[in-house]
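This chain uses plain numbering: 1 for the first residue, then up along the sequence. In this text the structure is predicted, and so the values were computed from the model without any measurement. In listed order, ligands and their atoms are each counted from 1.
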Amino acid sequence: MSYSSLTQIQTDIASGKLSVKQLVEGYLGRIDQNKNLNVFLEVFAQEALQKAIEVDNKLKSGKAGKLAGMVIGLKDNLCYKDHKVSASSKILEGFTSLYSATVVERLLKEDAIIIGRCNCDEFAMGSSNENSAFGNVLNPLDHTRVPGGSSGGAAAAVAADLCLATLGTDTGGSIRQPASLCGVVGLKPTYGRVSRYGAVAYASSFDQIGPITKNIEDAALIMEVMSGMDEYDSTLSTKPVPVYSKELRQDVSKIKVAYLKDCLEKDGLDPEIKKRTTEIIDKLKKAGHSVEPVEFPFLDYLVPVYYVLTTAEASSNLARYQGLNYGYRSKNATDMDSTFRKSRSEGFGKEVQRRIMLGTFVLSAGYYDAYYSKGQKVRRFLQNKTQEILNTCDFILLPATPGTAFKFGENTADPIKMYLEDIFTVQANITGMPAISLPMGKHSNGLPFGLQLIGRKFEESKMFAFSNYLLNKF
Ligand code: GLN
């Protein structure tokens, strides 16, 4: 049993070939067989089976929601009431969510089944899942390689068919980069489209929750269910949420695409990824689309700005983990001060500590103007420049990642090298634009890679339609 879309599942259910219970049993079996991948930190087996029986009954009485038959995994930084959430960190040891994230509530309301929580980089900081306190996730396509990060477990879960879809979070590429490395679809929505309530915050002005799926239809469906206004997240747009799944077949014959020459010329871009991107550009031209090169000589600013601003926000967001209110408390603490210091030193992993220190530094008196304020100005500049490009076209086409999945340990000795993995993904987070990674490449080394579209704010509908066209025709 292997299903590649919800439509397929629902068709088999309708014809009596499959029940939701059998479906969940199938996924649980596969999860069991693939334990070595270390994808799930926890599987909600009994509960998922129970819910499956309920959904089967609802289907019989015609009362099921539109996600009936969708089995979903959650990145372990999304809260689900009465379930553990750890952000793959020791510091949240023993912590149980007191409420569900808005996205989780909305999915459950439409009868999605949540099957477990997926391993990730600690507090979503990383590009390889090697920063989890609970061990590496193996790339299902090559066990000697990383699945990407930080939503590495979530991408691997979909690629290994352990559930139909997962939710990840993307602050600088954490949905799109692992999707690219695992050969699945990953969307980072427009900032302000999806409620962040109940997502463990990393850098609040960059974070968005989004779907990882096998196809565009499922991503569209999940997005229409979870997007839109929520009284618990004041950054959300009041713009109405389109019925994305119904707009997939809109006309995309007049789509205008731009590509950044600077991206294709970037050192470190794998030649085969460059070749495939160029090939798609040529094919699009032949198919009658306008595809124009544009200048964007600012690539070298993207990663530094991202790391100055996100670490600043992280240092503030992570101040709440101090061993008093929740999670891990050092056994060696003797007073309040040592509780804070020792719990944080023992509870946070090295990369998280590095980022908290960096963020504290860029916000400190004397350096604030040189780093944080300057970073904000550069962010605004990059937003304006990106908007200027998108005023003349519908999408920017670029690779999602500079290479394919790398080996464990290959980038860990040099944080800068690891940070450069994010070179093509951070632009969308810095600017707030939606972006998607599409599994459109196969390297001669046998591994997949993604192609990326960055679109105009709140134009996910068009992005889904064009993505569908690209995946089907190219
Ligand atoms: N890889 C990036 C980082 O390490 C992105 C993380 C994310 O999007 N959460 O920060």
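At a 4.0 Å heavy-atom cut-off, the residues surrounding ligand 1 are A124, M125, G126, S127, S150, D170, T171, G172, G173, S174, Y202, Y306, Y307, R355, D422, listed by chain and number.
At a threshold of 4.0 Å, the pair K75-D121 does not count as salt-bridged, since none of the basic side-chain nitrogens sits closer than that to a carboxylate oxygen.
Using cut-offs of 30° and 60° for the angle between ring planes, the Y469 and F474 rings count as perpendicular.
Nearest heavy atoms, A312 versus L363: O-CD1, 3.5 Å.
Residues Y419 and Y306 keep their aromatic ring centres 6.0 Å or farther apart.
Using modelled atom types and a 3.5 Å distance limit, the side chains of N384 and E388 yield no donor-acceptor pair.
For R379 and F206, the positive end sits near the middle of the six-membered ring, less than 6.0 Å away and at most 45° from its axis.
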